[in-house]
Novice: 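Sending over a structure as structure tokens; questions will come in a sec.
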Amino acid sequence: MLCIILFCVVVESKDGTISVASAFAGHQEAVQDRDHRFLTKAVEEAYRGVECGDGGPFGAVVVCNDEVVVSCHNMVLKHTDPTAHAEVTAIREACKKLGKIELSDCEIYASCEPCPMCFGAVHLSRIKRLVYGAKAEAAIAIGFDDFIADALRGTGYYQKASMEIKKADGNGALIAEQVFEKTKEKFQMY
């Protein structure tokens, strides 16, 4: 049998407000300090990328067991690659360095709220924790329009993308769907 004993102190102030101090307060402060340290590295990386002319002001750090695995910045301009966002670049580099495609023992710190593409990459890599600094609106305010969800839905600051999106039908759809059935035994992902 597992017993957990929690120690809490309830304090009532002169103005009548009540606060609770727990034994976990020290732990919460340690996590906050740790998050601040790694988020600061992500922000420093964002500045570094702008100074180098590599891309926009975005940085990301992948951490495993309190150690920085990689620290990357946006590389869109350097690589002439619209997918080379800081988070995607950091995930690619961390996977290479660790020799695996699944990063469930890692965390990622991003200087800005990830766009849907980057969030998708974080999700697909199975990263266990995401901490970000600035809200997406800070990037939008200076002209970044990478917020795909709004573009697809035509909501928010940007209007619907002028791209046609269509699911194939007929033989095109059939052969594309068959590839999954015909190769499923070769891919036991996780």
Side-chain angles (χ1 to χ4, degrees), residues 27-165 190:
H27 173 72
Q28 291 170 338
E29 286 177 24
V31 169
Q32 191 173 18
D33 289 347
R34 184 177 168 281
D35 286 351
H36 178 75
R37 185 173 78 238
F38 292 128
L39 189 56
T40 299
K41 287 187 178 294
V43 170
E44 290 168 355
E45 194 65 46
Y47 280 116
R48 188 173 302 117
V50 171
E51 289 168 15
C52 296
D54 290 342
F58 303 95
V61 175
V62 174
V63 174
C64 185
N65 298 323
D66 282 342
E67 297 289 328
V68 173
V69 176
V70 294
S71 180
C72 298
H73 55 261
N74 183 289
M75 302 289 277
V76 168
L77 298 176
K78 181 174 184 172
H79 295 315
T80 320
D81 177 358
T83 69
H85 291 195
E87 299 91 335
V88 171
T89 301
I91 290 167
R92 287 174 180 161
E93 293 302 315
C95 287
K96 284 179 195 172
K97 186 171 183 178
L98 297 173
K100 57 186 182 175
I101 62 168
E102 183 265 326
L103 302 174
S104 63
D105 55 347
C106 297
E107 300 166 284
I108 190 164
Y109 291 81
S111 63
C112 186
E113 180 178 8
C115 73
M117 176 186 71
C118 292
F119 181 78
V122 169
H123 175 74
L124 289 172
S125 69
R126 306 293 195 255
I127 286 176
K128 68 179 176 181
R129 188 165 180 259
L130 161 68
V131 177
Y132 68 89
K135 295 282 293 162
E137 288 77 12
I140 291 170
I142 67 166
F144 285 90
D145 65 350
D146 293 339
F147 301 93
I148 301 161
D150 282 344
L152 291 173
R153 291 189 307 261
T155 59
Y157 187 78
Y158 293 94
Q159 296 303 308
K160 187 169 177 68
S162 59
M163 164 186 29
E164 179 184 357
I165 301 172
Y190 304 101

Novice: Determine the sole option in Val43, Thr40, Val61, Asn74 for which the side-chain contact (heavy atoms from CB on, under 4.5 Å) test with Ser111 is passed.
Specialist: Val43

Novice: For Asp33, look at atom CG and say whether over 12 heavy atoms of other residues, nucleotides or ligands are found less than 6.0 Å away.
Specialist: yes

Novice: Might you point out which heavy atoms bring Val62 and Cys106 nearest each other, and give the distance in Å?
Specialist: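 The answer is CG1-CB, 3.9 Å.
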
Novice: Which residue in the set Cys72, Pro114, Cys115 passes side-chain contact (heavy atoms from CB on, under 4.5 Å) when paired with His85?
Specialist: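 The residue from Cys72, Pro114, Cys115 that satisfies side-chain contact (heavy atoms from CB on, under 4.5 Å) with His85 turns out to be Cys115.
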
Novice: Please check: side-chain N/O of Lys97 versus main-chain N/O of Val69, any donor-acceptor pairing under 3.5 Å?
Specialist: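 Yes; judged by distance alone, with no hydrogens or angles, the pair exists.
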
Novice: Let me confirm one number: the NZ-OG1 distance from Lys78 to Thr89, rounded to the nearest 0.5 Å.
Specialist: 11.0 Å

Novice: Closer than 4.0 angstrom, basic N to acidic O: yes or no for Glu44 and Lys41?
Specialist: no

Novice: Walk me through whether Val68 and Phe38 qualify under side chain to side chain contact (heavy atoms under 4.5 Å, CB included).
Specialist: CA-CA 8 Å; Val68 173; Phe38 292 128; 3.7 Å; yes

Novice: Report the residue from Arg126, Lys128, Arg34 that forms a salt bridge (Lys or Arg N to Asp or Glu O under 4.0 Å) with Glu107.
Specialist: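 The salt bridge (Lys or Arg N to Asp or Glu O under 4.0 Å) with Glu107 is passed solely by Arg34 among Arg126, Lys128, Arg34.
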
Novice: Could you measure the distance from the CD atom of Glu113 to the CG atom of Leu130? Nearest 0.5 Å is fine.
Specialist: 9.0 Å

Novice: How about Thr83 and Arg92: does a side-chain donor come under 3.5 Å of a side-chain acceptor?
Specialist: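 Yes.
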
Novice: Are Arg129 and Tyr109 close enough that a side-chain donor and a side-chain acceptor fall under 3.5 Å?
Specialist: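 Judged by distance alone, the side chains do pair up.
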
Novice: Can you measure from SG (Cys95) to CG (Leu103) and round to the nearest 0.5 angstrom?
Specialist: 4.0 Å

Novice: Could you tell me if the side chain of Lys100 sits less than 4.5 Å from the side chain of Asp105, heavy atoms only?
Specialist: yes

Novice: What do you reckon, is NE2 of His123 surrounded by more than 12 foreign heavy atoms closer than 6.0 Å?
Specialist: no

Novice: If you round to the nearest 0.5 Å, how far is NZ of Lys96 from CD1 of Ile101?
Specialist: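 Nearest 0.5 Å value for the CD1-NZ distance: 14.5 Å.
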
Novice: Measure the CG-CZ distance between Asp54 and Arg48 for me, rounded to the nearest 0.5 Å.
Specialist: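 Separation between the atoms: 10.5 Å.
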
